[in-house]
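Comments concern the structure below.
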Amino acid sequence: MSLPAPLQSSSNAVFAQLSSVVSTSSSWSASLLGELESVLALCPFVGEVLVRDEGVLRQLPELLTTGDRAADYRKDLAVLLADCKDEANAMRCLRRFRNQEMVVIAWRDFLSKWNVEDSLHHLSELAEALIFESYQWLYQRCCHDWGTPVNAQGDPQPMLIIGMGKLGGGELNFSSDIDLIFTYPENGETVGARRAISNAQFFTRLGQHLIKMLDQQTVDGFCYRVDMRLRPFGESGPLVMSYAALEDYYQEQGRDWERYAMVKARVMGSEMYPQYQELRQMLRPFVFRRYIDFSAIQSLRRMKAMIRSEVRRRGLTNNIKLGAGGIREIEFIVQTFQLIRGGREPSLRQRGLLAALDGIESLELLDKADIRSLRSAYLFLRRVENLLQALHDQQTQTLPDQELDQQRLAYALACTDWDEVMGLIQQHMALVHLVFVNVIGEEEEESVPSVPEYFQELWDMSHQSEVVQQILESDLHMDDSESLISALKQFKHDLAKKTLGLRGREVLSHLMPKVFQAIFAHPDAQFGFTRVLALLNSVVTRTTYLELLDEHPAALTQLVKLCTASPMISEQLSRYPILLDELIDPQQLYNPIEPSEYRHELRDFLARIPEDDMEQQMEGLRQFKQICLLKIAAADIAGVLAVMKVSDHLTYLAEAIVEAVVHQAWLQMKEKYGEPNHLYERDGLGFAVIGYGKVGGWELGYNSDLDIVFLHDCPVTAYTDGKKEIDGRQFYLRLAQRIIHIFSTRTASGTLYEVDTRLRPSGVSGLLVSPVEAFAEYQAQEAWTWEHQALVRARMIFGDAELAAAFESTRHTILTLERNDEALRQDVITMRNKMREHLSAKKSGRFMLKQDVGGITDIEFLAQYLVLRFSYEYPKLTTWSDNVRIFESLAEQKVLSEEQALALTDAYTSMRNQIHRRNLLNQSADVSDDKFVEQRQRVEQVWQQWLG
């Protein structure tokens, strides 16, 4: 089958880079060249490796002649490592060996030179070779440096590396993380070095070096991302534990999911297997119960429900692993039989899925047709997964959106097109899901493990302060127990006054332990406790909201997370419980509207409200803003949005609302006065809103006001054409007043924005709406330097093309005026000192992020000064109104060095990000004086250079 044109083109581009090596080698046969052409078209990763490392390319014909390469992985790698004198060389050796062998595996995968079992076997053996030979190499050097670890009898102690998951099962993905657990047989001390250290210390150091050897990114890439979170106590636990400590943990604290994980556990290195048998025998009762254990079904069901919630939260569509009927469901089906009956049936104690599936078939635990469906789906989906990951050597199970990658997969799978690929995938997944439902059944999607008893006791005994204090201090390790006790007692006291009904009290009794568990799982529980209780107090009579939180643990988790992170959000949710509906679907909650779509979404939102119902239109504006702020803040808290993106969203939202407010006000004015007659000869409203400051600079925060100025281009001869005729300019004055009224009126949903119009010509004594020509004249003849500074951060946020052109012309003309540098410097410094004197409320030991030396205002003043100083010479400096792009422009024009521009940008965005964080916490914009020290110094250095 010939390559499609796009794939052929992709192949040709890479082949051209390799031709010099290939053409000079006699080992490339015509058929091998044809294969190379195909592989380069299908797998970009192979092309990248061959271009980067000519050595692999030269050896490739020989490498491809060996059928079972896995048998020699360890031997070949050991020879290479023997020549490495230090870790840097060893890491280079490991990565080049890994890349070389991965090219061979990818080659055979994409050309269907072997079956998927062969591929998984080679991938697993390669990982084991890299892990274990690295360990062997490091162990010798660590013994040389710190002595050899021994037990009480003087026997040398090894470190056993247990591979979990697919690595343990011999079914590793092409580009997978490796899940490891480190352990050693017995405690003791090292011998043979000047100073003995404990075995635990020795193996911890060894483990750290091993992780670095495999995981660290270098110019040659990395070997594997190493995940140690499956070890006892997870990330908070010791990196390495003795057999005895491991046994104690699993017997006393092991959880269901750890049983599930331990089924596939396998020690790396065949020579370590005899020593592992002792540990495996100790752990077998934990993994495989002697009796038939049907509780495994429920625990697996819970895990599946949590995975399903995670899929939805992360928006993982087209995921062949985690989606319904995906690889994970096949694993769960097999795991269910292993955990239920493995204690009695040795044939089910298999690490590999296919081997365990054979055991299920031989015991006739599933219909043969179901077995065939599962085996066929597993092999097909694992092949798709391998090809998908091999494309770019990336860990993913999400099918590609890019057409080129879709063509690559379709061709490799011998399908005519992508639709055929999707058809096969959906067919397999549908059959798997049917079996899954029959075996495991469906559960409430977001069910979670049972709540510890002390959370139930905390609720039941909340009237006994001593008991509550004991739980808070002993079980939950809370320092400030008095305030929490007081908040809980007040909540119970308030409940007694409310009419909840029997159902409401039952739901609340069931819900509250879950609420406590969610709150105290958060590191800032002391903040979340009072906020969540206050919120529940406001909604407790609405049983439907209690049921929502009780039945959707993900929604409860999001509620606690958001309330704990932000009193601003908790207050908003308390005031407007309708927003709780937004928590049900985390996928929507954590995916704000696309910035460019705010205008359209707001129009759709308001379209449900009659146009002439101004009161409901105003309420609708406020509700829309609240929903959007909640989503932006949720995405911000979750780390989905960077600080620049948060401000972009907040700014686009404000612009959409400004547009809607202008149109609402216009309709009201038009109803009363008609429209100014000069509009007959032009498009638009003849009215513009100019954004200054944060909205002008695309830098709005959660609590930002809108600094705006109104312009019009209405001639003095214009009049309105309505029943009540008025002067055209009077019409625009009243329009502006109406706009301010819509923004500032307090309705049931609060105010829309605080609006500040004092930056208009002549300030509060000037016209509320300026004709464009008067605005230009004022800027040229009367405006102070500080007003020109403000103009740097100004842009039109609403208006038609004619007004936009007029404003931009005025702004450009004013900013590019030739100025006396000394006078400009003095004006800027004077204004800066005046602002600091009036606005800086200095606190001892605190750095005021905005006003203190080296803070945000200094950075803004630097940008404004440099634009005013150099725009005459470099007119392109007037292009942007936001500080980040201004600094980029200053670097492009060589006014600032690139290093200075980056330093100012870093300081500016870092401090703004901190203000965002503190806004969410309703905290003032100051931090400890030891924060941002380096950034402040850099800002001061630039300030001294230009304004010192």
- Message: How close do L138 and E87 get, counting heavy atoms only, and between which atoms?
- Response: CD2-OE2, 3.9 Å

- Query: Is the shortest heavy-atom distance from the side chain of F182 to the side chain of M228 under 4.5 Å?
  - Reply: yes

- Task: For residues L458 and F520, determine if any side-chain heavy atom of one lies less than 4.5 Å from a side-chain heavy atom of the other.
- Result: yes

- Message: Can you tell me how far apart CG (L388) and OG1 (T398) are? Round to the nearest 0.5 Å.
- Response: 7.5 Å

- The reported gap from CG in L322 to CD1 in I327 (rounded to nearest 0.5 angstrom) is 9.0 Å

- Message: M164 vs L180, test: side chain to side chain contact (heavy atoms under 4.5 Å, CB included). Steps then yes/no.
- Response: CA-CA 6 Å; M164 308 292 285; L180 303 178; over 6 Å; no

- State whether the side chain of S928 and the backbone N or O of K931 hold a donor-acceptor pair below 3.5 Å, judged by distance alone. no

- Task: Please state whether the rings of F203 and Y184 are parallel, tilted or perpendicular, taking 30° and 60° as the class boundaries.
- Result: parallel

- Is the closest side-chain heavy-atom distance between L63 and V103 below 4.5 Å? no

- Query: So how far is it from R280 CZ to R349 CZ, rounded to the nearest 0.5 Å?
  - Reply: 9.0 Å

- Item | Identified side chain to side chain donor-acceptor pair (under 3.5 Å) counterpart of K264 within the set Q338, Q335, E171 | E171

- Sidechain-backbone polar pair: N173 side chain, S175 backbone, donor-acceptor under 3.5 Å: no

- Any side-chain donor paired with an acceptor under 3.5 Å for R382 and N386? no

- Message: If you define the side chain from C-beta out and look only at heavy atoms, does anything of L80 sit under 4.5 Å from E133?
- Response: no

- Relative to each other, are the rings of Y273 and Y276 parallel, tilted or perpendicular (30° and 60° limits)? perpendicular

- Query: Between N99 and R96, does a side-chain hydrogen bond (donor to acceptor under 3.5 Å, both in side chains) hold up when you go through it step by step?
  - Reply: CA-CA 5 Å; N99 288 338; R96 290 184 173 177; over 6 Å; no

- Hey, could you give me the CD1/CG distance between I333 and L365, rounded to the nearest 0.5 Å? 13.0 Å

- Task: Decide if atom NE2 of H144 counts as having more than 12 heavy atoms of other residues, nucleotides or ligands within a radius under 6.0 Å.
- Result: no

- Determine the minimum heavy-atom distance between V560 and A518, stating which atoms define it. CG1-O, 3.5 Å

- Task: May I have the step-by-step check of side chain to side chain contact (heavy atoms under 4.5 Å, CB included) for Q157 and F202, ending in yes or no?
- Result: CA-CA 10 Å; Q157 297 293 290; F202 175 93; over 6 Å; no

- Under 4.0 Å between a Lys/Arg side-chain N and an Asp/Glu carboxylate O for R98 and D393? yes

- May I have the step-by-step check of side chain to side chain contact (heavy atoms under 4.5 Å, CB included) for L60 and L50, ending in yes or no? CA-CA 9 Å; L60 200 50; L50 298 182; 4.2 Å; yes

- Message: Could you check whether any side-chain heavy atom of L81 comes within less than 4.5 Å of a side-chain heavy atom of L94, counting everything from C-beta outward?
- Response: yes

- E128/R266 salt bridge by N-O under 4.0 Å criterion: yes

- What's the spacing between Q526 CD and T564 OG1 if we round to 0.5 Å? 9.0 Å

- Indicate yes or no: at least one non-hydrogen side-chain atom of P185 is less than 4.5 angstrom from one of E278. no

- Query: Where do Q395 and D177 come nearest, in terms of heavy atoms and distance?
  - Reply: OE1-OD1, 3.1 Å

- Just wondering, do P149 and C143 contact through their side chains at under 4.5 Å, heavy atoms? yes

- Query: Under 3.5 Å, is there a donor-acceptor pair between the side chain of R95 and the main chain of M91?
  - Reply: yes

- Message: Please check if the number of heavy atoms outside E934 that lie under 6.0 Å from its CD is greater than 12.
- Response: no

- Message: Is any side-chain heavy atom of Q201 closer than 4.5 Å to one of T190?
- Response: no

- Message: Please determine whether the number of non-hydrogen atoms from other residues, nucleotides or ligands lying under 6.0 Å from atom CD of Q281 exceeds 12.
- Response: yes

- Gap between atom CD of Q100 and atom CG of D76 - 0.5 Å precision: 8.0 Å

- Quick one: closest heavy-atom pair of M159 and Y135, and the distance? N-OH, 3.0 Å

- Are the ring centres of F45 and F174 closer than 6.0 Å? yes

- Query: Between S242 and T183, what is the shortest heavy-atom contact and its length?
  - Reply: C-OG1, 3.7 Å

- Task: Answer yes or no: is there a donor N or O on one side and an acceptor on the other, between the side chain of Q389 and the main chain of T396, under 3.5 Å?
- Result: yes

- Message: Whether the side chain of N199 engages the backbone of E186 through a donor-acceptor N/O pair (distance < 3.5 Å, no angle test) should be reported.
- Response: yes

- Backbone N or O of K85 within a donor-acceptor pair of the R141 side chain at under 3.5 Å? no

- Can you list the steps and then say if F516 with I471 is a side chain to side chain contact (heavy atoms under 4.5 Å, CB included)? CA-CA 12 Å; F516 293 145; I471 294 171; over 6 Å; no

- Query: Is it true that K166 and E331 make a salt bridge, defined as a side-chain N closer than 4.0 Å to a carboxylate O?
  - Reply: yes

- How about E453: does its CD atom have over 12 heavy atoms from other parts shown lying under 6.0 Å from it? no

- Message: Looking at D215 and V226, would you say the former's side chain and the latter's main chain have a donor-acceptor pair under 3.5 Å?
- Response: yes

- Item | Pairing of D358 and R375 as salt bridge, 4.0 angstrom limit | yes

- Note on the structure: Smallest heavy-atom separation, I105 atom then S119 atom, equals CG2-OG, 3.9 Å

- Message: For L210, is there any backbone N or O sitting under 3.5 Å from a side-chain donor or acceptor partner on S134?
- Response: no

